[in-house]
2 protein chains.
Amino acid sequence: MVTSRDVARLAGVSQPTVSRALTDHPRVSEATKRKVREAARALGYSTNAIGRALSVGRSNRIGLVVADLENQFYANMIAPLHDELERLGHELVLITESAASAPLPERVAAHGLAGVVLSTTTVDSVQPARLRDRGVPFVYLNRVAPGVRADAVTVDPETGVREIVAEAVRLGHTRIGAIFGPRNTSTGELREQVVREVLDEHGLGLAQRDVLHGPFDFDTGRDGFRTLRERAGGPTLVLCGNDVVALGVLNAAAESGVPVPEHTSVVGFDDLPTSRWALVRLSTIAYDLDEVARESARLVVARLREPDAETAHIVYPTHYVARSTVSAPRT
Amino acid sequence: MVTSRDVARLAGVSQPTVSRALTDHPRVSEATKRKVREAARALGYSTNAIGRALSVGRSNRIGLVVADLENQFYANMIAPLHDELERLGHELVLITESAASAPLPERVAAHGLAGVVLSTTTVDSVQPARLRDRGVPFVYLNRVAPGVRADAVTVDPETGVREIVAEAVRLGHTRIGAIFGPRNTSTGELREQVVREVLDEHGLGLAQRDVLHGPFDFDTGRDGFRTLRERAGGPTLVLCGNDVVALGVLNAAAESGVPVPEHTSVVGFDDLPTSRWALVRLSTIAYDLDEVARESARLVVARLREPDAETAHIVYPTHYVARSTVSAPRT
DNA sequence: CTGAAAGCGCTTACAG
DNA sequence: CTGAAAGCGCTTACAG
């Protein structure tokens, strides 16, 4: 391995000077910098991240905590998050959260992470408090825990929900159902609350039997659709907690030969790339998913630099995108 | 931050003893180990990965080099790879390969990586040689570069191709087309060669106008389908370089209202989870994708431990999975 | 503008 | 079985 010592020797300077020259320290002469850079290039040297990390007391690595890497939603977050982090000179490390694994703060220490993006926080999670107590910088992505203040980027469902509900009413839907996300997530809670409010404003309610809850995954949608159908044919329109759930619904419908939207209209939330496929054309509540992910990257990195800055909560707007899974109700 | 010094103080031993106790060194008394573990637990201590990495001369971090994180194929590799690596006590770092970025070996050094999984190697790539010259342990995943020997896990298309071709012949297809992967990848090359051979055995050929090449992505399939169609209606069956390409084809067909398989049959390669959706039901050549990813994790880790061991090339078998995108040709 | 020194948190021969 | 010492590759006050 070629180290800064080797470069120093070749350039005829001291090792610390190599360090300064390569980080473009202002009080190093241009001539020296040039010499050092040249030597570095000649040897194919690049700074050892581990040495630097130990020296400055922290790495440039950010952990993304996800529950389920297979989930398309997270899969779609990773690319923009990684890109933005890289642009900012940081690395992405994936951390899966499983009951079996060690407590998060210890894993953060073990991995030598500078900060963390939490994308799977439940309302009752102890993680945020633990991270805060240990002084680990973190940001909430898409979700938030009520007790612990931290930078956050989330999405405001209101506009999107208003738009789809207005559309549903206009089309004549009266029996609307929902497969909401888990009750112990801020995202699930908020979306449900907004849906109920807006429906209420239109004099519509959600019948108990037409409401389901479950994790934001494919199976929730698939099983949910079947359950709903058994209850007197099911609602004529079902609002899903997110796109992955809606995709589960769509596939279950296809399996049972139920035509969408003729028999049942389906609405998602997130507007994943897959939802735009001609094969799918899911009507959904959209927002700038890539930007949301990128923003969370910016927030952690900013927090690293200014640990005591005012906490920021950035909220992205949503809107309804009509595609092919919503029509007038069956009669 | 709590360090091994703090633990040492609390346990009333020296710092090196803490290190030994926690790594379960055989020549530390059980009593001491117990004392140290307890102190560590009390303080919420866990070994600092950076300190350890610097000390032992390398980290436990493995880089996965991908070209395109958005690509579903890679997205599906990440989860099993990550899980297996974690199981083996290693971390996954994502590295995107872009023309703009620094040479790979320098990035590996910069990231302090122990080894690398190469999943995007082209036949003419300089990366493998560079990594080899720098002594960076790496394995090929799914692809291989001819010049440089290294551990590899790949897939043998033969059985799968034989099965689908036999089926196509049985159904009466005579005008078969293909959208192959890039010519400069071993995967693309091999699949094309096998397809040509097997077709040949059946006395069938691939007409020049019915053959396309392109990156293994969605757009290749979408554009490819359109191009093929313009040429006298196109082939009655198209073999795709992989599932992502086939998915592009399927969506382009849906967009243009071309019924699959009635008008055109479509075959993929990889059997991604999405291909199994009721909405999709892609007939494809399948293999154990998760196992392939996991195996590559095992290979790098093994290589770390035994740098001079015999090089291993593990090949997984394929088979054809008939679903809903292949039928008798239109007449 | 540059060098010598100290230190980041660990591991690992070396003594005893 | 355990401690003192050295060192991994860097950065950063401290001198000059």
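Each chain gets a letter, A, B and so on, in the order the sequences are listed, and its residues count up from 1.
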I need the [atom1]-[atom2] distance between [X] and [N], as an integer number of Å.
| X | N | atom1 | atom2 | value |
| --- | --- | --- | --- | --- |
| A/Q15 | C/dG3 | CD | P | 11 Å |
| B/N60 | D/dC8 | CG | P | 21 Å |
| B/K33 | D/dC1 | NZ | P | 8 Å |
| A/I50 | C/dT11 | CD1 | P | 13 Å |

* Would you indicate whether the side-chain heavy atoms of A/V116 and A/V300 approach each other to under 4.5 Å? =>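 No; the side chains remain at least 4.5 Å from each other.
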* Asked: Is there side-chain contact between A/L64 and A/L81, with heavy atoms separated by less than 4.5 Å?
  ->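 Yes; the side chains approach each other to less than 4.5 Å.
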* Pairwise 5' ranking along DNA chain D for B/R27 and B/S55, keeping only the more 5' one ->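 Closer to the 5' end of DNA chain D: B/R27.
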* Pairwise 5' ranking along DNA chain D for B/S14 and A/L54, keeping only the more 5' one ->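 Counting from the 5' end, the first nearest nucleotide belongs to B/S14.
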Tell me which nucleotide among [options] gets nearest to the side chain of [X].
| X | options | result |
| --- | --- | --- |
| A/R20 | D/dT2, C/dT11, D/dT12 | D/dT12 |
| A/N48 | D/dG9, D/dT12, C/dT11 | D/dG9 |
| B/S19 | C/dG3, D/dT12, C/dC10 | C/dC10 |
| B/R52 | C/dC10, D/dT11, C/dA4 | C/dC10 |
| A/P16 | C/dT11, D/dT11, D/dT2 | D/dT11 |
| B/T32 | D/dA13, D/dC1, C/dC10 | D/dC1 |

* To do: State the pairing partner of C/dA4; accept Watson-Crick or G-U wobble contacts with both distances under 3.5 Å, and report none otherwise.
  =>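 Pair assignment: C/dA4 / none.
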* Please determine, for D/dA13, whether a Watson-Crick or G-U wobble partner exists with both distances under 3.5 Å, and give it or none. =>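 Pairing partner: none.
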* With DNA chain C as reference, determine whether B/M1 or A/V13 sits nearer its 5' end, using the nearest nucleotide of each. =>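 That would be A/V13.
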* Side-chain ion pair, B/R303 and B/D308, N-O less than 4.0 Å ->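 No, B/R303 and B/D308 are not salt-bridged.
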* Using only side-chain N and O atoms of A/S29, determine if any of them is under 4.0 Å from OP1 or OP2 of C/dT2. =>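 Checking A/S29 against C/dT2: at least one side-chain N or O falls below 4.0 Å of OP1 or OP2.
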* Does a side-chain N or O from A/T47 land closer than 4.0 Å to OP1 or OP2 of D/dC10, or not? ->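 The answer is no; no side-chain N or O of A/T47 sits under 4.0 Å from OP1 or OP2.
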* Asked: Looking only at heavy atoms, which two atoms of A/I62 and A/A114 are closest? And how far apart?
  ->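 Answer, listing the atom of A/I62 first, then A/A114: CD1-CB, 4.4 Å.
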* Nearest atoms (heavy-atom pairs only) where B/L88 meets B/A297 ->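 Heavy atoms of B/L88 and B/A297 come nearest at CD1-O, 4.2 Å.
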